[in-house]
Amino acid sequence: MDNQVKLSQDSLPIFEALEKQALDRLVHFDVPGHKGGRGNKDLKKYLGETCVKLDVNSMKPLDNLCHPSSVIKDAQDLTAELFGADEAFFIANGTTAAVQAMIMASCKAGDKIIMPRNVHRSAINALVINGAVPVYVNPGTDKKLGIPLGMAFEDVKKAIEENPDAKAVMVNNPTYYGICSDIKAIVEEAHKHGMLVLADEAHGTHFYFGEGLPISAMAAGADMSSVSMHKTGGSLTQSSILLTRNTVNPDYVRQIINLTQTTSASYLLLSSLDIARRNLYRNGKEIYAKAKELACYAREEINQIGGYYAFGEELINGNDIYDFDPIKLSVYTRDTGLAGIEVYDYLRDEYGIQIEFGDIGNILAIVSGGERRIEIERLLAALTEIKRNHEQSTKGMFDHEYINPQIIMPPQKAFYSDTEAVRLEKSENRICGEFVMCYPPGIPILAPGERITKEIINYTFYAKEKGCMMLGTEDMSMEYINVVAETKNKVLSGIDD
């Protein structure tokens with residue numbers, strides 16, 4: 001830190017600077033145009049006076065996120081120290097921007113990157129933008145649950161040995177469902193071959209503070225990690241951090257971040273990262289101990305209802321389920337005859353309970369320590385009633401969430417090829433030119449450059465029928481899908497061409 005006196009973790013550099021400038025009674029001839037709420041009284045009324053007064057633009061005393069040298073730098077340094085990293089970067093564009101910065105800082109056009117296929121859309125978006133080429137490692141699949149798991153270490157090792165020119169390996173730590181790969185072993189193997197390891201820790205903030213949880217990416221020796229502080233860390237939505245080790249050039253990483261990061265970063269988001277970091281320093285262990293206790297209690301009770309299966313650490317096999325996040329409350333619903341998205345809808349519409357997501361076979365409830373025991377009991381009672389009132393035959397249900405892709409072209413080449421729109425049901429064997437996914441979780445069913453199969457078409461129609469939120473296609477109704485034009489198929493075939 002630049003300060004002569006080292007700041008403590010109890011400090012709030014950004015928020016304290018914001019408070020000071022608010023007391024200075026500045027006359028504002030700068031943006032934002034609401035002028036502390038005076039120019040938009042409804043904004044002040046609905047969001048609150050403190051909020052609009054602290055919503056300011058960059059000025060000298062408040063530093064600049066694009067080139068931090070004072071209070072933002074201090075806050076980032078404190079974050080790096082707390083998370084065990086060498087550098088930390090505040091991200092105001094969500095963890096999507098952090099994931100993309102990791103990939104774009106590691107790979108250039110044509111470079112290979114080894115990654116699981118069940119990555120978030122943001123990772124494949126990065127490949128579309130910068131032209132890196134994926135070497136996918138298919139995750140394991142649980143035959144009962146039908147969900148994608150982690151990457152088996154031997155599969156990653158094989159991919160590394162077969163692609164010695166790859167620049168990096170990307171790892172989900174954990175997956176949306178709470179599944180962890182053996183990230184420590186992957187780091188050791190990748191580093192032996194001169195490859196960087198990038199971790200998507202969108203759902204792993206608590207790994208840095210909780211006890212009895214899977215290892216964090218920084219503790220495992222990863223080179224970079226994108227952490228969604230807003231998901232389980234307590235900051236405002238869209239605020240995130242990117243952690244790096246000194247194995248990468250932080251100044252180059254900052255340049256890459258600035259290619260896509262806003263030049264008008266919200267100080268509400270930045271100060272929330274500052275405040276959340278101090279809260280985790282002071283209370284993180286207690287918060288996540290409570291979250292773990294509540295999630296484990298809920299898991300045990302749900303498994304007593306029958307029909308549901310709240311899965312957990314019993315799945316650990318030391319391979320493609322190397323570890324499990326016990327704070328994740330993932331529940332298999334198919335044995336009740338109900339798709340996860342149907343249970344999701346019943347919970348919201350009939351019981352006033354909002355969970356994170358439902359897919360075709362599971363639901364996920366996020367527990368982060370801010371819940372009360374009575375709310376867990378309410379969830380348990382609702383699930384019991386839903387089973388009693390809506391249980392039906394499992395006949396005809398789709399039994400898996402993940403379909404191994406057939407990669408025909410690199411994502412960038414497919415996305416920017418000449419395309420034509422065809423009806424989804426008539427797209428079999430064509431090469432996809434866009435994304436198809438359920439959101440959440442935002443893992444593509446189809447990504448650009450993948451062959452469209454009958455199984456994928458059936459899965460997509462089934463997900464739509466059950467009520468999943470489908471997105472990614474240019475056609476908002478998802479009746480049509482953009483495919484690479486036939487005249488291009490003969491020329492642009494093969495991932496290595």
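Start at 1 with the first residue, then count along the sequence.
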Is the backbone of A92 close enough, under 3.5 Å, to the side chain of Q261 for a donor and an acceptor to pair up by distance?
yes
Pick one: which of I445, I124, L471, I481 meets side chain to side chain contact (heavy atoms under 4.5 Å, CB included) with F435?
I124
Would a 4.5 Å heavy-atom cut-off, applied to side chains only, mark M102 and M170 as touching?
yes
Working to the nearest 0.5 Å, report the span between CD1 of I113 and NZ of K167.
12.0 Å
Answer yes or no: is there a donor N or O on one side and an acceptor on the other, between the side chain of N258 and the main chain of C66, under 3.5 Å?
yes
L196 and V248: side-chain contact (heavy atoms from CB on, under 4.5 Å), yes or no, with the steps?
CA-CA 9 Å; L196 298 175; V248 299; 3.9 Å; yes
Check whether the ring centres of Y177 and F324 lie less than 6.0 Å apart, and answer yes or no.
no
Does K464 NZ have over 12 foreign heavy atoms under 6.0 Å away?
yes
Between A276 and G234 the two heavy atoms that sit nearest each other are CB-C, 4.0 Å
Y322 atom OH: more than 12 heavy-atom contacts under 6.0 Å:
no
Does the side chain of K413 reach to within under 4.5 Å of the side chain of S417, using non-hydrogen atoms?
yes
Consider only side-chain N and O atoms of Y344 and E356, and report whether a donor and an acceptor are under 3.5 Å apart.
no
Test salt bridge (Lys or Arg N to Asp or Glu O under 4.0 Å) on E375 and R378 and set out the steps.
CA-CA 5 Å; E375 291 164 336; R378 187 172 162 185; over 6 Å; no
So does D325 pair up with K328, basic N to acidic O under 4.0 Å?
yes
Checking salt bridge (Lys or Arg N to Asp or Glu O under 4.0 Å) for the pair K290/E293: CA distance, chi angles, key distance, verdict?
CA-CA 5 Å; K290 177 186 176 185; E293 187 272 327; over 6 Å; no
Sidechain-backbone polar pair: T205 side chain, S228 backbone, donor-acceptor under 3.5 Å
yes
Any heavy-atom pair between the side chains of V137 and M115 that's under 4.5 Å?
no
Is there side-chain contact between T141 and L149, with heavy atoms separated by less than 4.5 Å?
no
Working to the nearest 0.5 Å, report the span between OG of S272 and CG of L236.
4.0 Å
Looking at side-chain heavy atoms only, is the closest gap between I456 and V436 below 4.5 Å?
no
For a quick test of reading the model, state the closest non-hydrogen atom pair linking Y288 to I327 and the distance between them.
O-CD1, 3.8 Å
Residue pairs passing the salt bridge (charged side-chain N to carboxylate O under 4.0 Å, His left out) test with at least one member in residues 113-133, sequence neighbours excluded, are R117-E450
With distance as the sole test, does D86 use its side chain to make a donor-acceptor pair with the main-chain N or O of R245 at under 3.5 Å?
no
Partners meeting side chain to side chain contact (heavy atoms under 4.5 Å, CB included) with A166 (sequence neighbours left out):
K112, I114, N163, M195
Would you please test K108 and D111 for salt bridge (Lys or Arg N to Asp or Glu O under 4.0 Å) and show each step?
CA-CA 6 Å; K108 296 180 173 62; D111 286 344; 5.8 Å; no
Donor-acceptor side-chain pairing of E201 and Y208 below 3.5 angstrom
yes
Just wondering, do L127 and P410 contact through their side chains at under 4.5 Å, heavy atoms?
no
Run the salt bridge (Lys or Arg N to Asp or Glu O under 4.0 Å) check on K73 and D77 step by step: do they pass?
CA-CA 6 Å; K73 183 180 187 304; D77 287 347; 2.9 Å; yes
Ignoring hydrogens and geometry beyond distance, is a side-chain donor-acceptor pair present between H120 and N172 at under 3.5 Å?
no
Between E81 and Q9, a side-chain donor and acceptor under 3.5 Å
yes
Considering only NZ, NE, NH1 and NH2 on the basic side and carboxylate oxygens on the acidic side, decide whether K158 and E154 come within less than 4.0 Å.
no
Quiz question: by atom type and distance under 3.5 Å, do the side chains of T232 and H206 form a donor-acceptor pair?
yes
Do T419 side-chain atoms and N482 backbone N/O form a donor-acceptor pair below 3.5 Å?
no
Quick one, D182 with V156, criterion side-chain contact (heavy atoms from CB on, under 4.5 Å). Give me CA distance, side-chain angles, the key distance, then yes/no.
CA-CA 10 Å; D182 187 355; V156 179; over 6 Å; no
In this structure, OG of S235 is separated from CG of L268 (nearest 0.5 Å) by 12.0 Å
Among side-chain atoms of D223 and T247, is any donor-acceptor pair under 3.5 angstrom?
yes
Determine the interplanar angle of the F209 and F83 rings, folded into 0 to 90°, and report it as parallel if under 30°, tilted if 30 to 60°, perpendicular if over 60°.
perpendicular
Separation of I160 CD1 from D155 CG (nearest 0.5 Å):
11.0 Å
Minimum heavy-atom distance between E87 and P250, given as atom pair plus value
CG-CB, 3.6 Å
Assess R334 against Y308: is NZ or CZ under 6.0 Å from the centre of the six-membered ring, and within 45 degrees of the ring's axis?
no
Less than 4.0 angstrom from a charged side-chain N to a carboxylate O is my criterion; do R348 and D345 meet it?
no
Counting the benzene-type ring for Trp, do Y459 and F398 have ring centres under 6.0 Å apart?
yes
Whether the D475 and T473 side chains hold a donor-acceptor pair (N or O, under 3.5 Å, no angle test) is what I'd like checked.
no
Evaluate the criterion side-chain contact (heavy atoms from CB on, under 4.5 Å) for residue pair I355 and L364; output intermediate values, then yes/no.
CA-CA 7 Å; I355 58 173; L364 172 65; over 6 Å; no
Which atom of I257 lies closest to which atom of A101, heavy atoms considered
CG1-CB, 3.7 Å
What orientation do Y309 and Y332 show, parallel under 30°, tilted 30 to 60°, or perpendicular over 60°?
perpendicular
For G358 and I341, work out which heavy atoms get closest and say how close.
O-CD1, 3.6 Å
D274 side chain vs I14 backbone, donor-acceptor pair below 3.5 Å:
yes
The reported gap from CZ in F207 to CE in M218 (rounded to nearest 0.5 angstrom) is 14.0 Å
Go through S239 and L273 one step at a time and tell me if the side-chain contact (heavy atoms from CB on, under 4.5 Å) criterion holds.
CA-CA 7 Å; S239 58; L273 287 169; 3.7 Å; yes
Does E371 use its side chain to pair, donor to acceptor, with the backbone of I376 at less than 3.5 Å?
no
Nearest 0.5 Å, what's the CG-OG1 distance between L446 and T453?
7.5 Å
Using every non-hydrogen atom in the two residues, find where I321 and L315 come nearest and quote the distance to one decimal.
CD1-O, 3.6 Å
